[in-house]
Protein chains: 2
Amino acid sequence: MNVDVRDTETKIKEAARKVFLAQGYERTKIRQIADEAGVNLALVNYYFRSKEQLFKSIYAETFAQFLGQMVLLLNEETPLEVKIWRIVDRYTDFIVANPLIPGFILSEAQANDGAFFKEMNARGKLKESVFRRQLLEEAEKKTIRPVDPMQVIVTIMSNVIFPVMARPIVSYIGSFDETGFRAFMESRKQIVPEMIMAYLRAG
Amino acid sequence: MNVDVRDTETKIKEAARKVFLAQGYERTKIRQIADEAGVNLALVNYYFRSKEQLFKSIYAETFAQFLGQMVLLLNEETPLEVKIWRIVDRYTDFIVANPLIPGFILSEAQANDGAFFKEMNARGKLKESVFRRQLLEEAEKKTIRPVDPMQVIVTIMSNVIFPVMARPIVSYIGSFDETGFRAFMESRKQIVPEMIMAYLRAG
DNA sequence: GTCTATATCGTGATAGAC
DNA sequence: GTCTATCACGATATAGAC
């Protein structure tokens, strides 16, 4: 009979995640979260004390997911060129499947001037990545040009994330429907790695 | 004695632009706009009837500025390679000088599902650009590989805009201060056009 | 743990005097 | 055009019964 067996706390959290991601902190009302979860309004505060605390727990989780996925890919033990292809491919899939995450993280990060993710060790995780070491080593061996690894990482993220964040504009200008947009992103899986490799090999 | 001679309507509008861009619609309170403008709260509604209407007029202006700058650059009559360098250079300067514009446009666009800019003729302006024609012609002449112009335009915008939108994260991870971040963006003025040209010439 | 009822406050908007 | 005072409403949060 379709009885929802998840416990109340879980239901609230999942509903909150859905609504916060779609609308951001300010626009979201806790009544909406309660409705979405199918629970009484008062229970939200009973379990999470306040809207802000509920938000923070969701933000922390989401940011960890966002960064964790990237760190995972950066640390794979694969030769450089194959790896660039893989990172773009996999991160595109991740972002297309979770298109609201980047905007959520960035807009709320700006509202709080990045106070949130300073607590997590985002810096170390990216600075000590295998990918970084590979870029430096290959440059040393002259198989690619010398390059700031940070520039390469930012370039990959830009090319994967921005089109999804700007999807309303991109889809409107390109006259894309759902399928058209997906095809556009699929094409980028080829273009972006080729472009980066062409740059690294030239010069 | 530093008397502010701008008329009240202008003062309100400029204050509103500043606050809306920094905080977005929901987070902004009209009392804050009035304070920022140094005028009485009631005058905001006297001149603009409602918060929403004030916001819309600012959004429309800002979007036009954002898109207009890009269209201007896309339509310059310059040979393709020089042009790509120029577009990246000039658009980077524009975005660095106006770093809040992209996030403002995108976050509010998503909140309204792009309803705003469907009214402006953004599609036509980009679809019929000189840049688009150039890419198709050069591909025809085999001086570059065949490419979807939309992909090139989105790639340029991604590489210029995203690092600025993600500045809190980028600066934190790269340990950049104000100067360091500017230098990072200056480097991209070289990297991004080289990368795109390397791609277009290869293949 | 879950509900109803309510306290308290912040916000957008306007009425009406000057 | 500009001000003060205030209304009307929605939102967060909690008290207290069950």
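Everything quoted here is computed from the prediction, not taken from an experiment. A note on names: the letters A, B, ... follow the listed sequences, proteins ahead of strands, and every chain is numbered from 1.
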Quiz prompt | All side-chain hydrogen bond (donor to acceptor under 3.5 Å, both in side chains) counterparts of B:Arg167, not counting sequence neighbours | solution = B:Glu178
Quiz item: What string of B, S and - do you get for nucleotides 4-18 of chain C, 5' to 3', when a contact is any protein heavy atom under 4.0 Å?
Solution: B------BBBB----
Practice problem: Starting at atom CZ of B:Arg27, determine the distance to atom C1' of D:dA11, rounded to an integer number of angstrom. | Solution: 16 Å
Quiz item: How long is the span from the CZ atom in A:Phe63 to the CG atom in A:Leu106, to the nearest 0.5 Å?
Solution: 9.0 Å
Exercise. Could you state the atom-to-atom distance from CZ of A:Phe55 to C1' of D:dA11 in whole Å?
Key: 17 Å
Quiz prompt | Shortest non-hydrogen contact between A:Asn75 and A:Ser129, atoms and distance | solution = OD1-CA, 3.2 Å
Exercise. Show the numbers, then the answer: is there a ring-ring contact (aromatic ring centres under 6.0 Å, His included) between A:Tyr25 and A:Tyr59?
Key: CA-CA 10 Å; A:Tyr25 181 81; A:Tyr59 188 86; over 10 Å; no
Self-check item: Residues in salt bridge (Lys or Arg N to Asp or Glu O under 4.0 Å) contact with B:Glu76, at least two apart in sequence or another chain
Solution: B:Arg86
Quiz prompt | Sugar-phosphate, base or nothing in reach of B:Phe48, heavy atoms under 4.0 Å | solution = nothing
